[in-house]
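See structure below.
Just so you know, these numbers come straight off a predicted model, no measurement behind them.
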Amino acid sequence: MLMSSKNKVARLHYMANGFRLLSPGDHVLCAVTGQAIPLEELRYWSVIKQEPYASAEISTRAALGKG
């Protein structure tokens, strides 16, 4: 039986130039806002904190500790 990964949160390992899928899904949740980010739109994350962000602004605020 095939399992669908639609409407399921993916688990990722974030690296400097990309990410690796650890468990299937079609989106991740922004670590600051909780907003769903489709994997094809994911552009911002922290390798150190291993967390995704919905935008460059949110990523910068999180890096500065103002998230």
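Annotation: ring-ring contact (aromatic ring centres under 6.0 Å, His included) contacts of Y44 (sequence neighbours excluded): none. Taking the side chain to side chain contact (heavy atoms under 4.5 Å, CB included) definition, one finds that A63 meets it with nothing, sequence neighbours left out. Shown here are the side-chain hydrogen bond (donor to acceptor under 3.5 Å, both in side chains) partners of Q50, two or more places apart in sequence or in another chain: H13.
R43 CZ to S59 OG: the interatomic distance, rounded to the nearest 0.5 Å, is 13.5 Å.
Of all the heavy atoms in A62 and V32, the pair that sits closest is CB-CG2, 4.1 Å. Residues C30 and A54 come closest through the heavy atom pair SG-N, 3.4 Å.
Here salt bridge (Lys or Arg N to Asp or Glu O under 4.0 Å) pairs that include residues 47-57, with residues two or more places apart or in two chains, are E57-R61.
When hydrophobic residues (I, L, V, M, F, W, Y) are linked wherever their side-chain heavy atoms come within less than 4.5 Å, L22 remains an isolated member. Listed by chain and number, the hydrophobic cluster partners of V47 are L12, Y14, F19, L21, V28, I37, L39, L42, W45, where partners are ILVMFWY side chains within reach of under 4.5 Å, directly or through others.
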Checklist entry - How far apart are the C-alpha atoms of V9 and H27, what are their side-chain angles, what is the distance that settles it, and do they pass the side-chain contact (heavy atoms from CB on, under 4.5 Å) test? => result CA-CA 5 Å; V9 177; H27 68 282; 3.3 Å; yes

